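Read the numbers this way: they start at 1 and go in the same order the structure lists the ligands and their atoms. Computed from a predicted structure; not experimentally measured.
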Amino acid sequence: MEIKKIDLSNILQLQTLGKATFHETFAAENTAANMEKYLEEGFSIEKLTAELSNKETAFYFANIDQHPIGYLKINFGNAQTEQQHDDAMEIERIYVVQAYHGKQVGQLLLDKALQIAKQKAAPYVWLGVWEKNQRAIQFYIKNGFTIFDQHVFMLGDDQQTDFLMKLSLVD
Ligand SMILES: CC(C)(COP(=O)(O)OP(=O)(O)OC[C@H]1O[C@@H](n2cnc3c(N)ncnc32)[C@H](O)[C@@H]1OP(=O)(O)O)[C@@H](O)C(=O)NCCC(=O)NCCS
């Protein structure tokens, strides 16, 4: 397996993988209408083009035989979804297709994210995770993250609570 930075030439693969993994993760606990709205807007070609073109954002695929089975999206500076974090790095998305869960693919993507954050001398890494997403919360706790706040996330017209978690990279 390889972790590879992607660019605009991978946009269709990213759109397919992004929609599929978001749907797999959240469809069971959300209405079809809210899911559809989020998938249409959150993974539109316009939005992905802007994100892939943003110098303060990076996407990586986890590839097996050049086929993506997971991806990572990280943000720096103004690309972070909250503005008070200055020099920190945000992990906005880590998604692995369900068939590969529990096989360390997410761990490799997280390790890659932490490696980049250290290279860029980010003081800490932070992320938002749905309060009901226990598997992901456990995964982050296992990796040393702690909850420091919460914020509202709109999935369609449903107002949800995300926990904000962070991992300090300085002593
Ligand atoms: C969270 C996620 C990225 C973790 O990736 P992963 O590759 O499964 O990570 P790991 O292999 O280290 O496993 C993480 C934990 O999942 C659990 N797990 C193990 N096997 C599993 C399986 N077959 N199915 C489901 N969960 C399993 C275990 O608790 C494991 O922890 P352990 O290593 O201490 O046993 C992945 O589960 C995922 O993509 N989930 C859906 C998307 C998502 O929720 N993303 C985060 C949004 S903030």
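Counting non-hydrogen atoms of other residues, nucleotides and ligands closer than 6.0 Å to NE2 of His101 gives a total above 12.
To the nearest 0.5 Å, atoms NZ (Lys47) and CD (Glu41) are separated by 9.5 Å. Rounded to the nearest 0.5 Å, atoms CD (Glu92) and CG (Leu127) are 10.5 Å apart. In this structure, the separation between CG on Asn75 and OG1 on Thr57 is 4.0 Å, given to the nearest 0.5 Å.
Summarising the contacts of atom 39 (O) of ligand 1 with Val96, Asp162, Leu127, the nearest heavy atom is found in Val96.
Of the protein's heavy atoms, none falls inside 4.0 Å of atom 29 (O) of ligand 1. There is a protein heavy atom closer than 4.0 angstrom to atom 42 (C) of ligand 1. For atom 26 (N) of ligand 1, a protein heavy-atom neighbour is present inside the 4.0 Å cut-off. Under the 4.0 angstrom criterion, atom 2 (C) of ligand 1 counts as lacking any protein heavy-atom contact.
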- Task: Output, in order, the C-alpha distance, side-chain angles, deciding distance and verdict of side chain to side chain contact (heavy atoms under 4.5 Å, CB included) for Lys5 and Phe59.
- Result: CA-CA 6 Å; Lys5 189 163 191 228; Phe59 287 87; over 6 Å; no
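The protein heavy-atom contact nearest to atom 11 (O) of ligand 1 is Gln104 N, 2.7 Å. If you check which protein heavy atom lies closest to atom 18 (N) of ligand 1, you get Gly102 CA, 4.0 Å. Of all protein heavy atoms, the one closest to atom 44 (O) of ligand 1 is Asn133 ND2, 2.7 Å. Looking at atom 7 (O) of ligand 1, its nearest protein heavy atom turns out to be Gly106 N, 2.7 Å. Looking only at heavy atoms of the protein, atom 32 (P) of ligand 1 is closest to Lys142 NZ, 3.4 Å. Among all protein heavy atoms, the one lying closest to atom 45 (N) of ligand 1 is Ile94 O, 2.8 Å. Of the protein's non-hydrogen atoms, Arg135 CD, 3.4 Å is the one closest to atom 37 (O) of ligand 1. Looking only at heavy atoms of the protein, atom 22 (C) of ligand 1 is closest to His101 O, 3.9 Å.
Using a 4.0 Å cut-off to heavy atoms of Phe139, the atoms of ligand 1 that qualify are 4 (C), 9 (O), 12 (O), 14 (C). The Thr25 neighbourhood of ligand 1 comprises atoms 41 (C), 42 (C), 44 (O), with distances under 4.0 Å to a heavy atom of that residue. If you number the atoms of ligand 1 from 1 as listed, the ones under 4.0 Å from a heavy atom of Val105 come out as 7 (O).
Only side-chain heavy atoms of Tyr140 come within less than 4.0 Å of ligand 1; its backbone N, CA, C and O stay farther off.
At distances below 3.5 Å, not a single donor-acceptor pair connects side-chain atoms of Asn34 with backbone N or O atoms of Thr31.
Using a 4.5 Å heavy-atom threshold, the side chains of Glu29 and Trp130 count as touching. The side-chain heavy atoms of Tyr60 and Ile116, taken from C-beta on, include a pair separated by under 4.5 Å.
Using a 3.5 Å distance cut-off with no hydrogens or angles, the side chains of Asn30 and Gln160 do pair a donor with an acceptor. Judged purely by distance below 3.5 Å, without hydrogens or angles, the side chains of Gln80 and Glu82 never pair a donor atom with an acceptor atom.
Considering backbone and side-chain atoms alike, Gly128 places every N or O at 3.5 Å or more from each N or O of ligand 1.
The aromatic ring centres of Phe153 and Tyr38 sit less than 6.0 Å apart.
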